[in-house]
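Written below as structure tokens is the structure these notes are about.
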Amino acid sequence: MKIFDTMAKKKRVFIPKEKGKVKLYVCGPTVYNYFHIGNARPFVFFDVVRRFFLYRDYEVTFVQNLTDIDDKIIAQAQKEGVDISQINQKYIQAFFDDTKALNIMPADENPKATEYISQMIKFLQELQEKGYAYESGGDLYFEVSKVADYGKLSGKKLEDLRAGARVEVNSAKKHPADFTLWKASKPGEPSWQSPWGAGRPGWHSECVVMSRDLLGESFDIHGGGIDLIFPHHENEIAQAEALSGERFVNFWMHNGFLNIQGQKMSKSLNNFFTARDILKKYDADVIRLFFLSKHYRTTIDFNEKIMHETKVAYENFLSALRSVDYSAKRQEIDSCGLLEEDVATFVIAMEDDFNTAKALAVLFGLAKLAKKQSASREIRYQAAATLVELGKVLGFFADLENQLKSVASESKMDGMEQKLLQLLLDYRNFAKSEKNWALADKIRDDLQNLGLRVVDTKDGSKIES
RNA sequence: GGCGACAUCGCCAAGUGGUAAGGCAAGGGUCUGCAAAAUCCUCAUCCCCAGUUCGAAUCUGGGUGUCGCCUCCA
């Protein structure tokens, strides 16, 4: 198993600190809004990471925090004219609902920042006692120059940061790169009492304290978006290692960004799509396939065309399973064994830094084989069984039973509508038997105009959505 | 200004020294009253230049282009 480690800037062989166990921490959302399709990428990807480890019989502890105290939350509360706790409640629930809809396994722990205030204060006190923190203007700052190897994750040097035109000069700080550990609160803002006065903790301390508590001072994998490398993760390292003197995290994993039609997502461009909106249009598995068809570290572009293509591509899986009548013969198929060679190819791809794109090629190959009329029934069944098995490792097919039911539109009709539709189809079949092609085609065209596509199969006429 | 990433068929995308996976689209065949669906088949020498090597999409140098971070944005 090889994983690309941002710190080493290369793939390294993954060896868990404790044999057979993986401790994984992924930065979670700040709960001030519905999360968008870009946020969904790390959620889905690290879900796959976790599922793969589980598949390989590791015992996985997966922690994802919820940032429930932050400037953005305060701003959102003012905007919606409600209390901060209501904002938190609303969007935490939305987070759980949306991740569930995306078939993302619930984390083992979802610690909230506000539940860790006292531990954070204790942690910051320790930093201050050891000389890594200083007070200035009511705030507490971390002094980056006290850490010899500050910048080792992002590859930045302190001198460069000082020279950087974009680092704002803040006279309260000793060095422009020093970051806030404790922020004094303004009147009306939520605050907690601390040795430095009433205020709230800085974001960078949150993940450190929670991961130390739940996973220990040093753990296997810490993940998040590529934008978190600096300053967030850099600052986590500085704090954690200042106290423990131990390597904080063994592997740093960062997923690439998602653009919308070639442009960065931004509120000013109004190209924000929430995950829940996308889910109205595309099946969770299609969204998942979209993410996994490209390597996780690259930038990915989201647009209608690619989503449509992905949807069509996904149909390959379903049509393959329909072709062996998977819903009806599930037991028989599942018990006929797997194509071990394909399983091995899949595992090799996944063990190479989670090469999901390559792993997917195995699934498409299996789909093709399951459909292949000229192959033996046994081979086709095995291909189907393997497809389902491996697809589930990637988090697909949670709702397979329903997906395999075709004729989606019929379910939306009430009894009378269905009867009338059947009547029309009967008339059309009558016209066909009379070789009245003009009438038959007119009925088909008219139904098409109503959004009902008539398809003639050897078992009779059917409606497809 | 500092640091870094990427450039593979019309589109998406694997491939890190041994002769280009996969998906979409497209073209052709079968099937069909027609259409759709289904099914079978076909479809690239890897941004440019120079070099290393028996051999490079894969390594080195240069060029061009696109993008990211340096702002508590995944």
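Throughout, protein chains are lettered first and strands after them, A, B, ... in sequence-line order, and every chain is numbered starting at 1.
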Take the protein atom CD1 of A/Ile300 and the nucleotide atom C1' of B/rA14, then report the distance between them rounded to whole Å. 14 Å
So what's B/rU53 paired with, Watson-Crick or G-U wobble, going by both distances under 3.5 Å? none
Against the side chain of A/His36, the closest entry in B/rA74, B/rC72, B/rU39 is B/rA74
Who pairs with B/rG33 - Watson-Crick or G-U, where each distance is under 3.5 Å: none
Between B/rA74 atom P and A/His233 atom NE2, what is the distance in whole Å? 11 Å
Mind jotting down which residue pairs meet the salt bridge (Lys or Arg N to Asp or Glu O under 4.0 Å) criterion with at least one end in residues 25-51 of chain A? Sequence neighbours excluded, please. A/Asp47-A/Arg51, A/Asp47-A/Arg288, A/Arg50-A/Asp108
Is any side-chain nitrogen or oxygen of A/Lys371 closer than 4.0 Å to OP1 or OP2 of B/rU39? yes
Any N or O donor-acceptor pair linking the side chain of A/Arg444 to the base of B/rA36 at under 3.5 Å? no
Rounded off to whole Å, could you give me the CG-to-C1' distance for the A/Leu228 and B/rC70 pair? 14 Å
Ion pair present between A/Glu241 and A/Lys152, side-chain N to carboxylate O less than 4.0 angstrom? yes
I'd like the P distance from B/rA56 over to B/rA50, given in whole Å. 14 Å
Between B/rG15 and B/rC3, how far apart are the P atoms? Round to whole Å, please. 28 Å
Which part of the nucleic acid, if any, lies within contact of A/Asp441, taking any heavy atom under 4.0 Å across all strands shown: a base, the sugar-phosphate backbone alone, or nothing? base
Gap in Å between the two P atoms, one belonging to B/rU64 and one to B/rG28, rounded: 44 Å
Base contacts versus sugar-phosphate-only contacts with protein, heavy atoms under 4.0 Å: please encode nucleotides 16-23 of chain B as B, S and - from 5' to 3'. -----BSB
Nearest to the side chain of A/Ala440, heavy atoms from C-beta on, is which of B/rG33, B/rG68, B/rA14? B/rG33
Whole-Å distance between B/rG68 C1' and A/Asn255 CG? 13 Å
Using the six-membered ring for Trp and the full ring for Phe, Tyr or His, decide whether A/Phe43 stacks on the six-membered base ring of B/rA74 (centres under 5.5 Å, planes under 30°). no
State whether A/Asn235 places a side-chain N or O below 4.0 Å from either non-bridging phosphate oxygen (OP1 or OP2) of B/rC72. no
Whole-Å distance separating the CH2 atom of A/Trp203 from the C1' atom of B/rU71: 12 Å
Quick one: is A/Lys156 getting a side-chain N or O under 4.0 Å of the B/rG1 phosphate, OP1 or OP2? no
Pick the C1' atom in B/rG61 and in B/rU53, then give their distance to the nearest Å. 16 Å
Does A/Lys9 or A/Gly256 map to a spot on RNA chain B nearer the 5' end, using the closest nucleotide for each? A/Lys9
Considering only B/rA74, B/rC69, B/rG33, which nucleotide approaches the side chain of A/Pro42 most closely? B/rA74
In whole angstrom, give the distance that lies between atom CD1 of A/Ile229 and atom P of B/rC67. 20 Å
Give a yes or no on whether the backbone of A/Ala275 and the side-chain of A/Asp98 come within a donor-acceptor separation of less than 3.5 Å. no
Side chain of A/Pro231, heavy atoms from C-beta onward: which of B/rC72, B/rC69, B/rC34 has the nearest atom to it? B/rC72
Any-strand Watson-Crick or G-U partner of B/rC46, both distances under 3.5 Å: none
Suppose we define a pair by two distances each less than 3.5 Å, Watson-Crick or G-U wobble; what does B/rG4 pair with here? B/rC67
Go ahead and name the base partner of B/rU19; Watson-Crick or wobble counts if both distances stay under 3.5 Å, otherwise write none. none
A/Phe179 CZ to B/rC72 P, in whole Å, measures 11 Å
Is B/rG10 paired to anything, Watson-Crick or G-U wobble with both distances less than 3.5 Å, and if yes, which nucleotide? B/rC24
A/Lys432 or A/Phe257, whichever maps to the more 5' nucleotide of RNA chain B: A/Lys432
Salt bridge (Lys or Arg N to Asp or Glu O under 4.0 Å) contacts touching residues 353-364 of chain A (sequence neighbours left out): A/Arg297-A/Asp353
Write down the distance separating the P atoms in B/rA20 and B/rC24, rounded off to the nearest Å. 23 Å
Rounded distance in Å between the C1' positions of B/rA57 and B/rC48: 14 Å
Rounding to the closest angstrom, what is the interatomic distance between B/rU30 and B/rC67 at atom P? 48 Å
Ignoring hydrogens and geometry, is there a side-chain-to-backbone donor-acceptor pair from A/Asp178 to A/Val144 under 3.5 Å? yes
Across the strands shown, which category fits A/Lys372 at heavy-atom distances under 4.0 angstrom: base, sugar-phosphate, nothing? sugar-phosphate
Under a 4.0 Å N-O cut-off, is there an ion pair linking A/Lys156 with A/Glu234? no
Take atom NE2 of A/His254 and atom P of B/rA74, then tell me their distance rounded to the nearest Å. 13 Å
Which is true for A/Gly38 with a 4.0 Å heavy-atom rule: it touches a base, it touches only sugar-phosphate, or it touches nothing? base
Pairing residues for A/Phe4 by the ring-ring contact (aromatic ring centres under 6.0 Å, His included) criterion, not counting sequence neighbours: none
Is there a side-chain contact (heavy atoms from CB on, under 4.5 Å) between A/Phe317 and A/Leu400 once you walk through the steps? CA-CA 10 Å; A/Phe317 297 153; A/Leu400 192 54; over 6 Å; no
Look at the side chain of A/Asp227 against the base of B/rG68 and say whether a donor-acceptor pair falls under 3.5 Å; ignore hydrogens and angles. no
Would you mind classifying the nucleic acid contact of A/Leu289 as base, sugar-phosphate or nothing, using non-hydrogen atoms under 4.0 angstrom? nothing
Spacing of the P atoms in B/rA25 and B/rA36 (rounded, Å): 13 Å
Those residues at least two apart in sequence (or on a different chain) that pass side chain to side chain donor-acceptor pair (under 3.5 Å) with A/Lys305 are A/Glu309
Residues 371-390 of chain A vs ring-ring contact (aromatic ring centres under 6.0 Å, His included), sequence neighbours excluded, gives none
